[in-house]
Amino acid sequence: MTGELDDKVASLKKKADEIAPPHPREETWNWNSPRQAKEAFSLIGLQIPDLKRENLSKYEHPLAKAVSEYRDTRSLLSQVCKWAAGRYRDGRVHPQWNPAGAATGRASCTSPNVQSLPKGEGFRGCIRPGEGHVLVKADLSQIELRVLAAIAEDENMLKVFRSGGDIHLNTAEALASRKVKKGDPERQKAKAVNFGLSFGMGAKKFKEMAERDYEVRMTLSEAKEAKHKLLDAYPRIGHWHAREGLECERGNFITETLMGRRRVVEPDYQGKPSFTERLNAPVQGTAADILKLALARLWENWSEHQGALPILTVHDEVVLECAAEDAKVTARWLSGILRGAVEDVLGHPELAGEDAIETTTAPSWEV
DNA sequence: AACCGATGCGCG
DNA sequence: AAAGCGCGCATCGGTT
């Protein structure tokens, strides 16, 4: 796979070099160097502020597209080509896990970072169980929004979960002003909006996101209005924001998850407790608590499921490996424990329904 | 040679 | 009044 990427990178570089003006000093341009790339664009009369994909896509000139594609592919290759090199033992990759690697209580992972292996490119398909075994994967569906509903005690949000609804779909429909289906790209984009607004994103950023992802153009005041409209759908979220704002004014740097685990947030540019961190920390942190509670209970019960092997976790997801014939039992065990953890920590049965856990059994980590 | 901040992007 | 959050990693270009 990396060999194919290699070829693709080489041809994309050639293409970009052909379109580009000659380099005044070197043989060819280094498109990985923002300074050089900006200089090349400047020679054809384009002053570009940065080399982000999203920015390059605004330009008509073929060089913009060529450079963007080259950088994308090159970046993917870099991330993946050395991913597991020299990190095998017995046919397995053994990353370094840091159980409390993140300030919120999440785990992090290095060498390699398993948690950021790209999706949808086939790389996760390379993560496979041993002969005659399967991977059993379970994830906490929309966990941060469930935590949010519990923390803010928002009746409308709870109602959506109680009826098995989909918050992202609601938001997507509100933004697109039409019916949106589960597989539509609008839903994916609405996730970002939901998270953004929940954790204190401003109208400006919200406006930019709406433009970029929905081709919805609005003035700043219209963006403010839309933001309020979405927050109005869940009034207690707004109240919660107001409460946390007061805590910031009072100089309260301490946040707590629903399990009572503390985090001291960073100061903002004024030296006051960061408002957005105060909002995010208990939510991300409680979700992390839930996953870890579940992991602890898996361990406590492990003697009855010794064939099951923990493979990895990714913040709201647990992957186990077991013998193919044990898949059903293992899947039930895993999802039951995750569901119990959600219910025990959040204290709302409607947040821990059947749909709170999505379980799949597969021959690889891909999808 | 080792380290560092900035930039940009992968994941949740 | 206003404010998305949390990570790791490759690369560049400069400093120690």
Side-chain angles (χ1 to χ4, degrees), chain A residues 29-39 48-56 67-68 71-83 95-121 123-124 139-145 147-148 188 191-206 208-209 220 223-224 227 230-231 237 241-242 244-246 248-249 255 263 265-270 272-288 291 312-318 365:
Chain A
W29 295 96
N30 180 354
W31 302 114
N32 297 320
S33 161
R35 181 195 285 185
Q36 281 196 39
K38 280 180 193 172
E39 188 185 345
I48 59 166
D50 62 65
L51 288 168
K52 285 183 201 143
R53 190 164 44 215
E54 178 197 331
N55 178 45
L56 287 176
V67 168
S68 184
R71 287 174 59 92
D72 271 351
T73 312
R74 171 66 207 274
S75 155
L76 190 63
L77 175 67
S78 289
Q79 192 193 342
V80 146
C81 67
K82 301 169 203 159
W83 193 80
Q96 160 131 4
W97 291 91
N98 301 308
T104 51
R106 280 184 175 182
S108 71
C109 165
T110 71
S111 317
N113 182 0
V114 171
Q115 297 176 321
S116 68
L117 192 64
K119 296 178 81 170
E121 304 273 356
F123 300 113
R124 291 192 174 198
D139 63 75
L140 301 162
S141 165
Q142 301 186 27
I143 187 59
E144 290 203 353
L145 292 173
V147 172
L148 189 59
Q188 196 61 27
K191 284 169 83 169
V193 172
N194 268 341
F195 291 132
L197 290 181
S198 301
F199 300 133
M201 181 167 57
K204 186 166 177 288
K205 214 163 233 183
F206 175 59
E208 289 162 6
M209 191 176 280
L220 196 59
K224 279 179 188 165
K227 178 182 166 179
L230 282 173
L231 284 177
I237 304 296
H241 283 188
E244 294 305 326
L246 282 178
C248 288
E249 291 306 317
T255 64
R263 177 196 174 187
V265 299
E266 296 293 328
D268 65 13
Y269 67 102
Q270 293 176 318
K272 291 176 180 171
S274 161
F275 173 67
T276 49
E277 281 184 18
R278 274 203 71 90
L279 292 181
N280 180 265
V283 177
Q284 190 181 122
T286 299
L291 194 84
L312 58 90
T313 67
V314 198
H315 311 309
D316 63 354
E317 174 184 358
V318 178
W365 191 25

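Nothing here was measured: the structure is a model prediction, and the numbers come from that model. Side-chain atoms are counted along with the backbone in the values below, which use heavy atoms only and exclude waters and symmetry mates. A note on names: the letters A, B, ... follow the listed sequences, proteins ahead of strands, and every chain is numbered from 1.
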Just to confirm, is there a sub-4.0 Å distance from OP1 or OP2 of [N] to any side-chain nitrogen or oxygen of [X]?
{"X": "A:K224", "N": "C:dA2", "answer": "yes"}
{"X": "A:K82", "N": "C:dT11", "answer": "yes"}
{"X": "A:S108", "N": "C:dG8", "answer": "yes"}

Indicate the atoms forming the closest heavy-atom contact of [X] with [Y], along with that distance.
{"X": "A:D268", "Y": "A:P273", "result": "OD2-O, 4.1 Å"}
{"X": "A:A287", "Y": "A:E144", "result": "CB-CG, 4.4 Å"}
{"X": "A:V114", "Y": "A:P95", "result": "CG2-CG, 3.2 Å"}
{"X": "A:Q115", "Y": "A:A107", "result": "OE1-O, 3.7 Å"}
{"X": "A:C248", "Y": "A:F275", "result": "SG-CA, 3.5 Å"}
{"X": "A:H315", "Y": "A:L291", "result": "O-CD2, 3.8 Å"}

Any base atoms under 4.0 Å from [X], or only sugar-phosphate, or nothing? Heavy atoms, all strands.
{"X": "A:A281", "value": "nothing"}
{"X": "A:S111", "value": "sugar-phosphate"}
{"X": "A:G202", "value": "sugar-phosphate"}
{"X": "A:R74", "value": "sugar-phosphate"}
{"X": "A:E249", "value": "base"}
{"X": "A:C248", "value": "nothing"}
{"X": "A:A107", "value": "nothing"}

What is the distance from [atom1] of [X] to [atom2] of [N], rounded to the nearest Å?
{"X": "A:N32", "N": "C:dA10", "atom1": "CG", "atom2": "P", "answer": "13 Å"}
{"X": "A:Q36", "N": "C:dC12", "atom1": "CD", "atom2": "P", "answer": "9 Å"}
{"X": "A:Q270", "N": "C:dA1", "atom1": "CD", "atom2": "P", "answer": "14 Å"}
{"X": "A:R263", "N": "C:dG6", "atom1": "CZ", "atom2": "P", "answer": "5 Å"}
{"X": "A:F123", "N": "C:dC9", "atom1": "CZ", "atom2": "C1'", "answer": "15 Å"}
{"X": "A:F206", "N": "C:dA1", "atom1": "CZ", "atom2": "P", "answer": "19 Å"}
{"X": "A:R278", "N": "C:dA2", "atom1": "CZ", "atom2": "P", "answer": "20 Å"}
{"X": "A:D268", "N": "C:dC5", "atom1": "CG", "atom2": "P", "answer": "11 Å"}

**Study point:** Nearest-0.5 Å distance, CZ of residue A:R263 to CD of residue A:E277
**Key:**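 One finds 4.5 Å between CZ of A:R263 and CD of A:E277.
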
Review point. At what distance, to the nearest 0.5 angstrom, does NZ of A:K119 lie from CZ of A:R124?
Key: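 The distance works out to 5.5 Å.
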
Revision key, fill the gap. Its contact letters, B for base, S for sugar-phosphate only and - for none at protein heavy atoms under 4.0 Å, make nucleotides 2-12 of chain B read ------SSBSB

Check your understanding: Looking at five pairs on each end of the helix from B:dA1-C:dT16 to B:dG12-C:dC5, what is the angle between the two axes, given to 10 degrees?
Key ->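 Its terminal axes enclose an angle near 10°.
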
Point to revise | DNA chain C: 5'-proximal contact among A:P112 and A:N30 (nearest heavy atom) | key: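 Nearer the 5' end of the strand: A:P112.
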
Check your understanding: What's the closest nucleotide to the A:F199 side chain, out of C:dG4, C:dC7, C:dG14?
Key ->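 Nearest to the side-chain atoms of A:F199, counting from C-beta on, is C:dG4.
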
Exercise for review: Taking A:E39 for its side chain and A:W29 for its backbone only, find out whether a donor-acceptor pair lies under 3.5 Å.
Suggested key: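 Judged by distance alone, no pair lies under 3.5 Å.
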
Review point. Does NZ or CZ of A:R71 fall inside the cone over A:W31's six-membered ring, less than 6.0 Å from its centre and within 45° of the axis?
Key: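 Judged by the rule (NZ or CZ under 6.0 Å from the ring centre, within 45° of its axis), A:R71 is not positioned above A:W31.
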
